[in-house]
Amino acid sequence: MTCKHFGTCGSCGLYELNYQEQLVQKEKRVSALLAPFYTNNLELFDSPDSHYRARSEFRIWHEGERCDYAMGKMPVDGVREKGAISIEECPKVIEPIEKRMWRLLEKINASQEVLKNRLFAVEFLATTTDECLITLLYHRKLDDVWSEEAKKIEAELDCKVMGRSRKQKVILSDEFVTEKLDIDGKTFTYVQYESGFTQPNPTVNVKMIEWAIAQAKKVGHGDFLESYCGLGNFTLPLSHYFDKVLATEISKRSIHAALENCALNNISNITFARLASEEMTEALNGVREFSRLKDIDLDAYNFSTVLVDPPRAGLDAGTIELISGIDNIIYISCNPETLARDLETLTKTHRVMEAAMYDQFPHTEHVESGVFLQKM
Ligand SMILES: C[S@@+](CC[C@H](N)C(=O)[O-])C[C@H]1O[C@@H](n2cnc3c(N)ncnc32)[C@H](O)[C@@H]1O
């Protein structure tokens with residue numbers, strides 16, 4: 001991918017190396033961090049070099065009568081610069097965003113203030129099936145005149161539009177998109193909400209789920225536990241390889257989406273519960289009772305496998321102790337440093353059997369990795 005803003009836009013920090021060189025550099029970094037626990041080669045899953053991001057946020061820069069998309073400036077010597085640069089292209093977004101974002105800007109600029117006044121950011125959430133939800137964020141209260149104008153954008157750009165301002169959310173049609181992904185020979189439908197977590201790179205996401213399925217197939221029995229399940233991204237496809245599934249997540253919105261997704265995909269062996277990982281540990285250790293779990297018989301589960309996919313901070317001590325009691329662990333991580341830290345403890349009871357790197361975030365330092373551990 002080339003972009004005229006490389007070197008000035010803070011969004012893509014890795015641009016001097018070509019894509020293959022970036023992958024090699026990332027692989028070296030992850031391999032070095034995992035070396036104390038795993039010395040075989042990592043399995044590598046690359047990304048399309050351009051048009052890979054299905055969600056993206058742009059600031060809006062106002063200059064005289066006009067507004068433009070903008071991004072934070074590239075840090076200098078590691079120090080973030082104040083201000084923003086205006087953006088004229090962004091080849092990392094998937095086509096369903098790219099084909100709409102510039103027409104949207106024209107329409108905002110042509111809207112005689114209705115869409116433009118105090119607009120400070122635009123968020124895009126799109127699917128590989130060409131759905132696109134556009135959220136316009138304002139520092140002003142939105143009224144019926146705004147809604148009428150925004151409805152025209154929905155029709156003209158064949159998309160969904162939402163407006164947000166302080167304590168106000170205006171939904172014109174829906175606040176979600178519906179993604180369909182072909183995973184390991186089956187098609188899964190996922191409702192993705194604007195305010196919930198979604199994996200940003202659909203191509204790499206499918207590779208990541210298929211890698212997790214390959215590990216699950218090696219187990220092929222027992223019950224499955226998942227923490228940090230989000231909208232059921234891994235849960236739905238992996239549920240086919242286990243008897244019963246218990247999946248937990250802190251966000252109410254994501255649990256709502258997960259339940260919807262379970263029904264949409266006609267899956268009946270999953271129970272979703274809204275629990276922080278720390279609460280899940282308390283519940284499964286019988287330390288605390290939760291009214292949210294009153295209809296769930298936790299003693300009925302016999303977990304052969306657990307999957308964790310925590311945020312960058314990695315796992316808390318209680319979760320590490322809990323999962324250390326389960327034979328098979330699939331750990332998906334968006335931060336190889338905290339993964340390596342957590343492996344210090346997990347490898348006292350388990351051995352790393354497989355490790356992989358998935359390039360969800362090309363042209364940035366970020367990298368996603370995964371390990372499969374089995375009890376020694
Ligand atoms: C990296 S995302 C992974 C989500 C999901 N596995 C997926 O692939 O879409 C991490 C998820 O952890 C959730 N989360 C954050 N802190 C949590 C906590 N303390 N306990 C449980 N879930 C948490 C977030 O809401 C988010 O959905």
Side-chain angles (χ1 to χ4, degrees), residues 45 53-55 125 127-128 176-179 181 183-184 188-213 215-216 224-239 245-262 265 270-285 288 290 292-293 305-323 329-339 342 356 358-361 364 366-371:
F45 297 97
R53 267 198 81 96
R55 68 182 314 159
L125 170 63
T127 67
T128 55
F176 61 83
V177 288
T178 306
E179 175 66 294
L181 296 177
I183 302 167
D184 201 38
F188 290 89
T189 304
Y190 294 96
V191 167
Q192 303 180 333
Y193 281 84
E194 171 254 5
S195 57
F197 176 89
T198 53
Q199 297 286 354
N201 185 325
T203 311
V204 177
N205 184 32
V206 168
K207 295 180 185 184
M208 201 164 76
I209 299 169
E210 288 180 340
W211 181 86
I213 288 175
Q215 312 317 314
F224 175 55
L225 175 67
E226 186 180 351
S227 186
Y228 314 93
C229 70
L231 51 68
N233 184 48
F234 288 97
T235 331
L236 308 186
L238 267 76
S239 67
V245 179
L246 177 65
T248 67
E249 153 70 43
I250 199 169
S251 149
K252 213 175 193 171
R253 164 58 76 217
S254 295
I255 284 292
H256 179 74
L259 287 166
E260 231 175 309
N261 290 330
C262 200
N265 291 279
I270 308 176
T271 299
F272 286 103
R274 185 175 63 78
L275 290 175
S277 55
E278 300 81 353
E279 294 174 327
M280 186 189 84
T281 304
E282 289 178 323
L284 289 171
N285 286 337
R288 192 176 146 198
F290 291 84
R292 278 169 272 163
L293 300 178
T305 308
V306 58
L307 186 147
V308 287
D309 180 13
R312 290 182 57 75
L315 298 177
D316 59 278
T319 303
I320 293 185
E321 197 184 332
L322 178 87
I323 69 173
I329 303 171
I330 303 170
Y331 187 152
I332 306 290
S333 160
C334 53
N335 182 350
E337 271 85 15
T338 52
L339 173 63
D342 295 344
Y358 333 94
D359 195 23
Q360 283 256 19
F361 313 99
T364 76
H366 294 293
V367 62
E368 191 97 7
S369 41
V371 292

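Read the numbers this way: they start at 1 and go in the same order the structure lists the ligands and their atoms. Note that the numbering runs from 1 along the sequence shown for the chain.
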Which ligand 1 atoms are under 4.0 Å away from a heavy-atom of [X]?
{"X": "Glu278", "value": "19 (N)"}
{"X": "Pro311", "value": "15 (C), 16 (N)"}
{"X": "Ala276", "value": "20 (N), 21 (C)"}
{"X": "Phe234", "value": "6 (N), 8 (O)"}
{"X": "Cys229", "value": "5 (C), 6 (N)"}

Which pair of non-hydrogen atoms, one from Pro200 and one from Gln360, has the smallest distance, and what is that distance?
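Result for this residue pair: CD-OE1, 3.5 Å.
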Minimum heavy-atom separation for Gly314 to Tyr228, with atom names?
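Result for this residue pair: O-OH, 4.3 Å.
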Just going by heavy-atom distances, which of [options] is nearest to [atom]?
{"atom": "atom 22 (N) of ligand 1", "options": "Ile250, Asn205, Leu315", "value": "Ile250"}
{"atom": "atom 8 (O) of ligand 1", "options": "Glu226, Met280, Glu279, Gln199", "value": "Gln199"}
{"atom": "atom 10 (C) of ligand 1", "options": "Asp309, Leu307, Val308", "value": "Asp309"}

Side chain, backbone, both or neither: which applies to Cys334 and ligand 1 if a contact is any heavy-atom pair less than 4.0 Å apart?
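Answer for Cys334: neither.
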Heavy atoms only, cut-off 4.0 Å: how does Asn233 contact ligand 1, side chain, backbone, both, or neither?
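For Asn233, the contact with ligand 1 is made by the side chain alone.
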Heavy-atom donor-acceptor pair, Ser254 side chain to Ser251 backbone, under 3.5 Å
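Absent.
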Give the intermediate values and the outcome of side chain to side chain contact (heavy atoms under 4.5 Å, CB included) for residues Ser277 and Asp316.
CA-CA 8 Å; Ser277 55; Asp316 59 278; 3.0 Å; yes
Ile332 side, atom CD1; Gln199 side, atom CD - distance, nearest 0.5 Å:
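Here the interatomic distance stands at 9.0 Å.
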Interatomic distance, Arg253 atom CZ to Arg274 atom CZ [nearest 0.5 angstrom]:
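Between atom CZ of Arg253 and atom CZ of Arg274 there are 12.5 Å.
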Close N or O approach (Ser251, ligand 1; < 3.5 Å):
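No - when backbone and side-chain N and O of Ser251 are compared with those of ligand 1, no distance drops under 3.5 Å.
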So is Tyr228 polar-close to ligand 1, meaning N/O to N/O under 3.5 Å?
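There is such a contact, yes.
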